[in-house]
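One structure below.
Residue numbers begin at 1 in each chain, while the letters A, B, ... track the order of the sequences.
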Amino acid sequence: MKTAGKSQPHKAPVLCNMFSELLEGTTLEVARRLIGCTLSYNAPEGVMAGIINETEAYTEEDPACHAYGGKQTRKNQTMFQESGHLYIYLIYGMYHCANLVTEEAGRGSAVLIRSVLPTEGVELMIQNRNYKEKNLKNLCNGPGKLCQAFNWNLSLDGLDLRKKNSKITLHPASSPPTKVIETPRIGITKGVELPWRFYSI
DNA sequence: ATATGGATGGCCT
DNA sequence: GGCCATCCATATG
């Protein structure tokens with residue numbers, strides 16, 4: 001090992017480190033705070049990125065949560081890892097959903113990333129989704145669409161975003177959105193009354 | 001413009 | 001065997 005102790009000024013900063021303060025606090029706080037942040041993926045084919053504009057919070061106490069009651073299974077075990085891990089699951093046999101794990105290890109909680117506004121690698125995303133429309137507003141505006149655009153699947157489940165050189169990174173908003181709206185969550189049958197969905201326009 | 005129903009597979013009981 | 005934190009094509013006003 002002959003790695004230099006100090007970083008060299010000319011060394012290309014291939015990836016930014018995640019700002020850990022983005023994931024501090026309760027799942028609800030994180031879900032709210034992630035609105036406006038940039039999610040980026042350094043894929044083999046190129047970088048893809050988007051600004052998060054819709055999230056949902058899920059915690060152990062919530063009957064709609066995969067980790068409800070703290071029950072660990074094979075599928076949900078990433079939710080019980082430390083905050084900063086990526087939890088991906090398959091839904092309806094054909095789509096994937098991406099979540100950022102929150103809170104401390106042992107507590108099953110996460111924020112579902114429901115939508116991003118594409119900012120980088122748009123051509124790749126269009127390819128990945130076989131997207132026909134001209135307007136990009138429907139390219140990543142849904143949890144399944146987002147994973148399809150970024151080409152994310154179960155193989156990325158459990159990825160630790162806190163690691164240096166993580167393929168997936170989070171960047172804080174340059175200026176936080178002026179208005180974040182909260183509503184009940186989408187597509188669930190339990191915990192429907194909780195206003196745990198956040199979005200901005 | 002909104003409403004419907006079919007596709008699909010890993011995981012749980 | 002039965003869920004499912006979904007999407008899209010198709011059908012109708």
Heavy-atom nearest nucleotide on DNA chain B taken for A:Leu154 and for A:Met94; more 5' hit belongs to A:Met94
Any chance you could lay out the ring pair (Phe, Tyr, Trp, His ring centres under 6.0 Å) test for A:His96 and A:Tyr89, step after step, and finish with the verdict?
CA-CA 6 Å; A:His96 298 273; A:Tyr89 62 88; 8.7 Å; no
Can you tell me the distance, in whole Å, between the CD atom of A:Gln148 and the P atom of B:dA7?
18 Å
Please walk me through it: do A:Glu54 and A:Arg197 pass salt bridge (charged side-chain N to carboxylate O under 4.0 Å, His left out)?
CA-CA 7 Å; A:Glu54 184 178 348; A:Arg197 171 174 174 249; 2.7 Å; yes
Closest non-hydrogen atoms of A:Val101 and A:Glu82, given as atom of the first, atom of the second and distance, are CG1-O, 3.6 Å
In whole Å, what is the span from the OH atom of A:Tyr131 to the P atom of C:dC7?
13 Å
Counting only side-chain nitrogens and oxygens, does A:Thr73 get under 4.0 Å of the OP1 or OP2 atom of B:dC12?
yes
Can a donor-acceptor pair under 3.5 Å be found between the side-chain atoms of A:Tyr92 and the base atoms of B:dA7?
no
To the nearest Å, give me how far apart OH (A:Tyr95) and P (B:dG6) are.
15 Å
Between atom CD in A:Gln77 and atom P in B:dC12, what is the gap in whole Å?
9 Å
Of all heavy-atom pairs between A:Arg33 and A:Cys37, which one has the smallest distance, and what is that distance?
O-SG, 3.5 Å
side-chain contact (heavy atoms from CB on, under 4.5 Å) between A:Thr169 and A:His171, worked out
CA-CA 7 Å; A:Thr169 53; A:His171 311 268; 3.0 Å; yes
Could you tell me how far apart A:Leu90 (CG) and C:dC7 (P) are, to the nearest whole angstrom?
13 Å
With ring centroids as reference points, do A:Trp196 and A:Tyr58 lie under 6.0 angstrom apart?
no
Have a look at A:Gly93 and say if it touches a base, only the backbone sugar-phosphate, or nothing, with a 4.0 Å heavy-atom cut-off.
base
Side-chain N,O (A:Lys71) to OP1/OP2 (B:dT13) below 4.0 Å:
yes
Phosphate OP1/OP2 of C:dA5 contacted by A:Arg197 side-chain N/O (<4.0 Å)
no
Verify the stacking flag for A:Tyr89 against C:dA5: centroid separation must be under 5.5 angstrom and the ring planes must differ by under 30 degrees.
no
Nearest-Å distance, CD1 (A:Ile188) to C1' (C:dC4)?
12 Å
Heavy-atom side-chain proximity of A:Cys140 to A:Met125 below 4.5 angstrom:
yes
OP1 or OP2 of C:dC4 versus the side-chain N and O atoms of A:Lys190: is any pair under 4.0 Å?
yes
Could you tell me how far apart A:Met79 (CE) and B:dC11 (P) are, to the nearest whole angstrom?
16 Å
May I have the step-by-step check of salt bridge (charged side-chain N to carboxylate O under 4.0 Å, His left out) for A:Arg185 and A:Glu56, ending in yes or no?
CA-CA 7 Å; A:Arg185 295 167 296 179; A:Glu56 282 178 3; 5.2 Å; no
Contact under 4.0 Å: A:Arg129 side-chain N or O vs C:dC7 OP1/OP2:
no
How many whole angstroms separate atom CZ of A:Arg185 from atom C1' of C:dC4?
14 Å
Measuring only the C1' atom in each nucleotide, how far is B:dG10 from C:dC8? A whole number of Å is fine.
22 Å
Find the runs of at least 3 consecutive base pairs, i with j, i+1 with j-1 and so on, that include DNA chain C, using Watson-Crick or G-U wobble geometry with both distances under 3.5 Å.
B:1-7 with C:6-12, B:9-12 with C:1-4
